[in-house]
Amino acid sequence: MTVSIQNNLLRRFFRGRNSAEKQFLAGAISPLVLYMTFWTIFPLLWGIALAFFDYSPRQTGGFLGFGEGNPFVGLQHFESMLNFTADAPLEVQQFHIGIRVTLLFAVLVVPLNLLVTLPLAFLIESINDKVKGIFRTLFFLPVLAPSVGVAIMWGFIFHPQRGLLNAIIGEFTGKLVGVAWLRDSSLTVWGIPVALFAIVVAYLWQDMGYNLVIFIAALQGIPQSIKDAARIDGANWWQMFARIIVPLLMPTILLAAVLTMISAFQVFDIVQVMTDGGPDDQTQVLLLNIYSYAFRYQKMGWAAAVSIVMFLLVFSISFVQTRLLRTEWEY
Amino acid sequence: MKKLLFVFVVASLLLAACGGGTSATEAPAGGEKVTIRVWTHQNDSFNAGYEALATEYMGMHSNVEIVFETFDYDTYIQTLQTALPAKTEADVLQMFGSWVCSYADGGNLAEMPASVISMDDAKAKLLGAPVGGYICDGKLYGVPQEFNIEYGAVLFNTAIAEEVGATDYKDGWANWDEVIEDGKKMAVTQDGVMTRAGLNFTGSDGIATMFHSVYLQYGGQYLKDGVYTVNTPEGVKTLELMKQLVDDGLVDPLLYNDEENWVGDSYFAETSAMGLVGPWAIPEYSGDYAEVAAATIYQPLPSVGSEPVFAAASGWGLTVSVNSKAQETAWDFVKFVTLDASNAVEWNLASGTLPALKENISGANADALVVEFPYFKPFLGILEYGQYEGQFPDRDFVWYEVAYPTVLNFLQGNATLEETLQTIESEVQGSFK
């Protein structure tokens, strides 16, 4: 069946071309196909296969490292992920924590990002054309900064003794302040760890430029006639934003939400540098968990299984989000 | 279609030819030139020591060429992980002792030939803690060159002690009360915020090593026949001592840990008056903090037991790949570098490390080390009390994922002593499954 589909595709691809053209096409695409096979498809398949083995690069295995010291374990990794008892192995407990923290992070980041960027884009679009560019550049600059640099900078801001935040609070209180924003696991707001909030702030600061650009582009695409009509009908600033702009931007909001959600699920470097998953695993996101088990503790089979779960999670949420918010607009 | 297939096959063969790594050096026929590849991690002083000895060795063996390939630390770990299964590793591999057994168990390392040194001779010649890392299931897989020590003495700022009138250290601390007395005087707290720790021991290595060392001093044995036990009276006493240091105001574990005010940085920035960290910290910082380094001594810690036993994580050393086709020459080079007392101390002098050979902890070689590194003196006297921290399936997991965060959480007041011991015991034991 698969072979027949492949043959059909190849036949369709080469249909109507003479021999020289076929040779040229085959020669031109072969390096790309080989590149993809070796660097994308093969690692992907190998990564999926790893999830079914108790694989550690320290152990000697057979073909591609599988078998012998890295035995086949079937679905054992996935089964153990369903162990919710108190005596579950640490990697399983940390996987559960990772899922919880990643979901919480995404749930915080997506609405906050949209709540900040959408009105901001509207404001920037409303101001004088001469200064628009300055604001656009200013808000997009953090996107260009390397994540590790951003994390180090925010780490300094939240530092308990030398941090800017404590210094500002100290200025107001007249006392030395030593709150360990990133290290004190007892600091929570509505049950959410303050350390996670701190990472959300740093992440939003860096990431919001993307959505801002997307929203500005979308705002520029809304016909002026619609806005003029609303004004003639007496719509004020807020009504214009809430009843005209936001509904017309729904497809863009959906796109931004999906992209932000995917990006939030993949957060890693900021967390690793700012908290390394601490305090007490409160910021242990799934990708950091995967990295730790794959490269620090060399349990690559387990890490591959967690990666597959993470992929399915991101895929499902993006799929549901897309289906739920699917609308067709014409203007 | 056939032509397309042909293009694929040719390109695949070309790529395979490009991608195929070179395996370990091939064995030479008698008298032929032998090239030994040596992999080490990037550490200028370590590698200067290796290169000097390699030059000496090549002078004595004209048919042998020794080629060094170095990698930064993280890349080295990843390179070992990928190269060993692919059998593209070098002949001689620098390893940290606590890694050795995981690679040996995977069948990647060659067992030490008795002609180089027997197990009994190795145990007689080398200190217990460093060689312990190289012994796996009763077989020896390499030779340590240094003694990696994280417990036994602390960095001590004599200038601060002088300034605040802390004097108990001068005759050596007889017990922990005296440490606490000096530490309290040296700590500074303003508006409830600690601005200078008296004794910063709350880094990951500090916490994990102190926990296991004091446990041993109380007479406990945390690892026996693959069973890890710390939820015992000795475990309770150990955590009580560590908590007492926090409660007495020597350190605030919220402000001083691996992530904030890491012990080395904090000590040399003078936000800690004492710091629990190994002697490798001094050469690392003395260039930038010459004034602090000049006022620094290593002060031996008292033991809660009859002897100052402590847990130690073996040390850097050399192993030989099982895939090396020039194993005989590779082992001969390893023997030359590690087991000859004068060569071994030459490397210790170049790298600023403590010796792994018993012969070099006293006598002329030890004196030479103390002349070069005066802060080694308190350590040389206690090295023989060091015990290898034990064969864990994954030592770093136990140290950094279990012991450090769990004890830190307890010291920060977020868990009870009983919960802490139970968690450590069950999570470490779980890693043996």
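Note that the coordinates shown come from a computational prediction; the quantities given were computed from them, not determined experimentally. Here is how names work: the chains are called A, B, and so on, in the same order as the sequence lines, proteins then strands, and each is numbered from 1.
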Verify the neighbour count for atom [atom1] of [X]: are there more than 12 heavy atoms of other residues, nucleotides or ligands below 6.0 Å?
{"X": "A/Phe268", "atom1": "CZ", "result": "yes"}
{"X": "A/Asn18", "atom1": "CG", "result": "yes"}
{"X": "A/Phe63", "atom1": "CZ", "result": "no"}
{"X": "A/Phe24", "atom1": "CZ", "result": "no"}

Indicate yes or no: at least one non-hydrogen side-chain atom of [X] is less than 4.5 angstrom from one of [Y].
{"X": "B/Val402", "Y": "A/Leu90", "result": "yes"}
{"X": "B/Thr271", "Y": "A/Gln161", "result": "no"}
{"X": "B/Ile77", "Y": "A/Gln298", "result": "yes"}

Could you tell me which portion of [X] (side chain, backbone, both or neither) has an atom closer than 4.5 angstrom to a non-hydrogen atom of chain B?
{"X": "A/Gln94", "result": "side chain"}
{"X": "A/Val179", "result": "neither"}
{"X": "A/Met274", "result": "neither"}

*Answer yes or no: is there a donor N or O on one side and an acceptor on the other, between the side chain of A/Glu91 and the main chain of B/Ser431, under 3.5 Å?*
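Checking the backbone N and O of B/Ser431 against the side chain of A/Glu91, no donor-acceptor pair under 3.5 Å is found.
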_Closest-packed option against chain B by number of heavy-atom pairs under 4.5 Å, given A/His159, A/Gln93, A/Lys175, A/Met300_ =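 So the answer, after comparing A/His159, A/Gln93, A/Lys175, A/Met300, is A/His159.
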*Between A/Ser185, A/Ala88, A/Gly69, which shows the greatest number of heavy-atom pairs under 4.5 Å with chain B?*
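That would be A/Ser185.
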[atom1] of [X] to [atom2] of [Y]: how many Å apart, nearest 0.5 Å?
{"X": "A/Asp184", "Y": "B/Asn414", "atom1": "CG", "atom2": "CG", "answer": "6.5 Å"}
{"X": "B/Glu401", "Y": "A/Arg296", "atom1": "CD", "atom2": "CZ", "answer": "7.0 Å"}
{"X": "A/Arg162", "Y": "B/Asn261", "atom1": "CZ", "atom2": "CG", "answer": "5.5 Å"}

Under 4.5 Å heavy-atom distance to chain A, tell me which part of [X] shows up: side chain, backbone, both or neither.
{"X": "B/Asn108", "answer": "both"}
{"X": "B/Asp74", "answer": "neither"}
{"X": "B/Thr195", "answer": "both"}
{"X": "B/Glu260", "answer": "both"}
{"X": "B/Ser426", "answer": "neither"}
{"X": "B/Gln412", "answer": "side chain"}
{"X": "B/Leu84", "answer": "neither"}
{"X": "B/Tyr404", "answer": "neither"}

*In terms of the angle between their ring planes, are B/Phe397 and A/Tyr293 parallel, tilted or perpendicular, with boundaries placed at 30° and 60°?*
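The rings of B/Phe397 and A/Tyr293 sit tilted, inter-plane angle from 30° to 60°.
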Over all heavy atoms of both residues, which pair between [X] and [Y] is shortest? Give the atoms and the distance, please.
{"X": "A/Leu176", "Y": "B/Asp191", "result": "N-OD2, 2.7 Å"}
{"X": "B/Val193", "Y": "A/Gly178", "result": "CG2-N, 3.4 Å"}
{"X": "B/Gln81", "Y": "A/Pro57", "result": "O-CB, 3.3 Å"}

